[in-house]
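The structure displayed is predicted, hence computed values, not measured ones.
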Amino acid sequence: QEQLVESGGGSVQAGDSLRLSCAASGRTLSGYTAGMGWFRQAPGKEREFVAGLRWLGPTLYYADAVKGRSTISTNDPHSTLYLEMNALKPEDTAVYYCAAYSAWSEELPTFVGAYNYWGQGTQVTVSS
């Protein structure tokens, strides 16, 4: 079972920026997945899609809640996935999860069930 490991979370003030990272046991992420995604889960809420990257293209996708404030990217050997978030708001407070899916699809899936690899999550807390 592949393991994804997130890092970069923390406690920040509204308006600050954070960059989250996701690595997979030293392997190249694009070597065994069709795409990657970032999800988040706030207390009492369902896990929701934040941003994703489909290796074919590559093609990038963003949820409306973070569009224009966030950038998903990867490094050249595709060993690490990043999510840079700017102008953070208190409503961005959540546990952020990195995920990967291996089944090919024409569009990047945005629902939890499509992803078969998950990280343990990293907490992001934004204070007003």
Problem set entry | Those residues that, when tested against Ser17, pass side chain to side chain donor-acceptor pair (under 3.5 Å) (two or more places apart) | Asn86

Exercise. When rounded to the nearest 0.5 angstrom, what distance separates CG in Leu20 from OG in Ser70?
Worked result: 9.0 Å

Exercise. In terms of hydrophobic clustering (I, L, V, M, F, W, Y; side-chain heavy atoms under 4.5 Å; direct or indirect links), are Leu60 and Met85 co-clustered?
Worked result: yes

Problem set entry | Counterpart residues, side chain to side chain contact (heavy atoms under 4.5 Å, CB included), relative to Thr125 (two or more places apart) | Ser11, Thr93, Gln123

For this session: Drop me the distance from Thr80's OG1 to Glu6's CD, to the nearest 0.5 angstrom.
Result: 12.0 Å

Exercise. Is the distance between the ring centroids of Tyr115 and Phe39 less than 6.0 Å?
Worked result: yes

Exercise. Roughly how far, to the nearest 0.5 Å, is CE of Met36 from OH of Tyr82?
Worked result: 12.0 Å

Problem set entry | Side chain proximity check, Tyr117 to Tyr32, heavy atoms < 4.5 angstrom | yes

Exercise. Leu81 and Leu29: side chain to side chain contact (heavy atoms under 4.5 Å, CB included), yes or no, with the steps?
Worked result: CA-CA 8 Å; Leu81 183 75; Leu29 295 166; 4.1 Å; yes

Seminar exercise, completed: Of all heavy-atom pairs linking Leu4 and Ala100, the shortest is CD1-N, 3.9 Å

Problem set entry | Leu83 side, atom CG; Leu53 side, atom CG - distance, nearest 0.5 Å | 11.0 Å

For this session: List the steps and the verdict of side chain to side chain donor-acceptor pair (under 3.5 Å) for Tyr96 and Arg40.
Result: CA-CA 4 Å; Tyr96 283 72; Arg40 67 185 182 187; 2.9 Å; yes

Exercise. Under the side chain to side chain contact (heavy atoms under 4.5 Å, CB included) test, which residues partner Ala14, sequence neighbours left out?
Worked result: Pro90, Val126

Exercise. What pairs with Arg69 under side chain to side chain contact (heavy atoms under 4.5 Å, CB included), at least two apart in sequence or on another chain?
Worked result: Val66, Ala87, Lys89, Asp92

Exercise. Can you list every pair that meets side-chain hydrogen bond (donor to acceptor under 3.5 Å, both in side chains) and has a residue in residues 52-67, with sequence neighbours left out?
Worked result: Thr33-Trp55, Tyr61-Glu107, Asp64-Lys67

Exercise. Can you tell me how far CG of Leu108 sits from CG of Leu56, rounded to the nearest 0.5 angstrom?
Worked result: 11.5 Å

Exercise. Between Phe49 and Trp38, is the ring centre distance below 6.0 Å?
Worked result: no

For this session: State which residues pass side chain to side chain contact (heavy atoms under 4.5 Å, CB included) with Ala114; sequence neighbours excluded, sorted by chain then number.
Result: Pro109, Phe111

Exercise. What is the distance from atom CD1 of Ile72 to atom SG of Cys98, rounded to the nearest 0.5 Å?
Worked result: 8.0 Å

